[in-house]
Amino acid sequence: MKSVGKHRGAGRLLTGLVFLFLYLPIIVLVIFSFNSSKSRKVWSGFTFEWYKELFSDQMILNSFYITILVAVLAAVIATIAGTFAAIGFFNMKKRPRGILLAINNLPVINADIITGVSMMLLFVSARSLFRFDLGFGTLLIAHITFNIPYVILSVMPKLYQLDNNLFEAAQDLGASWFQAFSKVILPEIRPGIINGLLIAFTMSLDDFVISYFTAGSQIQTLSMTIYSMARKRISPEINALSTILFGTVLILLLVVNIREIRQEKKLKKSSGKLLNPLD
Amino acid sequence: MKRFLSIPYIVWMAIFVVAPIILVVVYALTSGSGSFTFENFAHMENFLSVFIRSMIMALIATAICILIGYPLAYALACEGPRLQKIFIMLIMLPMWMNFLLRTYAWMSILENTGLINSLLSALGLPTVNMINTQGAVVLGMVYNYLPFMVLPIYSVMVRIEPSVVEAAQDLGANSFKVFLRIIFPLSLPGVLSGITMVFVPSVSTFIISRLLGGGKSLLLGDLIEMQFLGSAYNPHLGSAISLIMMVIIIACMMVMNRFGEGEERAVML
């Protein structure tokens, strides 16, 4: 889109101010991860102390491990299940597909707290029936359940773009059902699948509310540990861990983007396409 | 035959999406002993102030997000492709830092002895009480959910064909008219999507109000959390409140969908 020249300055100013607003708390967090006292307001000197202590704090490391494990498992399982479900939905008649997609969207539209408490009610009601306890299993089920809709929502548009005859053409040329699927359909919808995987992973990593209601009292994700600390005082070790995570993501994004820019230059082709990692 | 690929997920949805919501309805309509009752809804007027406060604060946060997010999305869509890419990345990057932690960081900034007040007193200005106010809670909502307003508006704006704008200009429309007649109507689905994505989490939050509001101004989310995991344990009452909140949200969305004609899902991702 083109803009009238005189507005550009105002646009840049607004962009700058919003970025200052978005990054101010993050800058504060990063700076105070190097603070030599436990204060989160008064600067007392530079230290790496919290980074050292972080790697000997079992509670934080353990909750970090659970967070990553749940996010990876839930994202992978949801991506596989969601892709198959999307293909199934796509081949249905319009009416049942509409109804199923509406149900599929429920966890996306619903407030997190409602998804959380409703699943908690289910687990608590079924607990005595099947003799299990709220814990890693229920946490994983909850994460898979809220991840699958995002996978379906990102795979579906790719299926609509697909040429209907492609699958039959492959079969006519002697491919088995499985070959036609894995050699023809899968490569075509791969961007949607990868996109879905990334969204699912991010959603799991960032979730607090649904985990809080479904994880029970035995295990904690990182968000839950932070929440229980926030009532008293958050240890600067958490600042250190977040700084490491944030730095890692920042570096990854920079590497990916620099590579893309180089490739673009090679191709000497610039397009106005939106190229963000989640699109 | 490929249709059957979705059967496992249909079963999964029935157990983990539909059944839990039915359970909320069942809990809302039964008493502790399991008998049918409307008792849980009988004293809902006690919570009327919480409902109203939550709605108003979420509406204010949503309005502020539109006021900041819309011009920002417009400004971003006007930039060159490379800058656009960098800016969008910068908007999404904060989401990779735990949101509880980012909200917690606002405590250090807003507190009476926090960064802003230290700065003010260093300049010889009187300090301002900001933490534990409703303003701080709204600020937390805007801070956490602003990207959800900017991204959908931006993604519809970049899809507007430049030729449409040029055609309007060729036909004599000035830039204000182009905006009013072309850009604004075409960007509306993004705005509607943004409104839902900001309003729903704002109206149901309990973390932001607890960290930045000091638990002073109780919101719907706090009320529900207290009934399930908190001091006022009563899942039946909690379910009744959840059910009403769910109905309000769905009603709001149906009204909005009338304007958006169901386009909003397309821009969400």
For [X] and [Y], which heavy atoms make the closest approach, and how far apart are they?
{"X": "Met97(B)", "Y": "Asp206(A)", "value": "O-OD1, 4.3 Å"}
{"X": "Leu146(B)", "Y": "Val18(A)", "value": "CD2-CG1, 3.8 Å"}
{"X": "Leu106(A)", "Y": "Ile21(B)", "value": "CD1-CD1, 3.9 Å"}
{"X": "Met245(B)", "Y": "Ala111(A)", "value": "CE-CB, 4.1 Å"}
{"X": "Gly88(A)", "Y": "Ser6(B)", "value": "CA-CB, 3.8 Å"}

[atom1] of [X] to [atom2] of [Y]: how many Å apart, nearest 0.5 Å?
{"X": "Leu93(B)", "Y": "Ile26(A)", "atom1": "CG", "atom2": "CD1", "value": "6.5 Å"}
{"X": "Ile224(B)", "Y": "Ile113(A)", "atom1": "CD1", "atom2": "CD1", "value": "5.0 Å"}
{"X": "Ile109(A)", "Y": "Ile250(B)", "atom1": "CD1", "atom2": "CD1", "value": "8.0 Å"}
{"X": "Leu24(A)", "Y": "Tyr143(B)", "atom1": "CG", "atom2": "OH", "value": "8.0 Å"}
{"X": "Tyr227(A)", "Y": "Leu101(B)", "atom1": "OH", "atom2": "CG", "value": "15.0 Å"}
{"X": "Ile68(B)", "Y": "Leu17(A)", "atom1": "CD1", "atom2": "CG", "value": "9.5 Å"}

Looking at [options], which has the largest count of heavy-atom pairs under 4.5 Å with chain B?
{"options": "Ile238(A), Asn239(A), Leu14(A)", "value": "Leu14(A)"}
{"options": "Ser242(A), Ser125(A), Ser118(A), Ala142(A)", "value": "Ser118(A)"}
{"options": "Phe90(A), Phe146(A), Phe246(A)", "value": "Phe246(A)"}
{"options": "Asn91(A), Leu250(A), Ile87(A), Thr115(A)", "value": "Asn91(A)"}

Counting only N and O atoms by type, is there a donor-acceptor contact under 3.5 Å from the side chain of [X] to the main-chain atoms of [Y]?
{"X": "Tyr23(A)", "Y": "Leu90(B)", "result": "yes"}
{"X": "Tyr27(B)", "Y": "Leu121(A)", "result": "no"}
{"X": "Tyr104(B)", "Y": "Ile234(A)", "result": "yes"}

- Query: What residues form a ring pair (Phe, Tyr, Trp, His ring centres under 6.0 Å) with Phe16(B), not counting sequence neighbours?
  - Reply: Trp12(B)

- Can you label the angle between the Phe206(B) ring and the Phe213(A) ring as parallel, tilted or perpendicular, going by 30° and 60°? perpendicular

- Task: Answer with yes or no whether the side chains of Asn98(B) and Ser223(A) bring together a donor and an acceptor at under 3.5 Å.
- Result: yes

- Applying a strict 4.5 Å limit to non-hydrogen atoms, the region of Val203(B) in contact with chain A is neither

- Message: Quick check on Glu111(B) against chain A: is it the side chain, the backbone, both or neither that has a heavy atom closer than 4.5 Å?
- Response: side chain

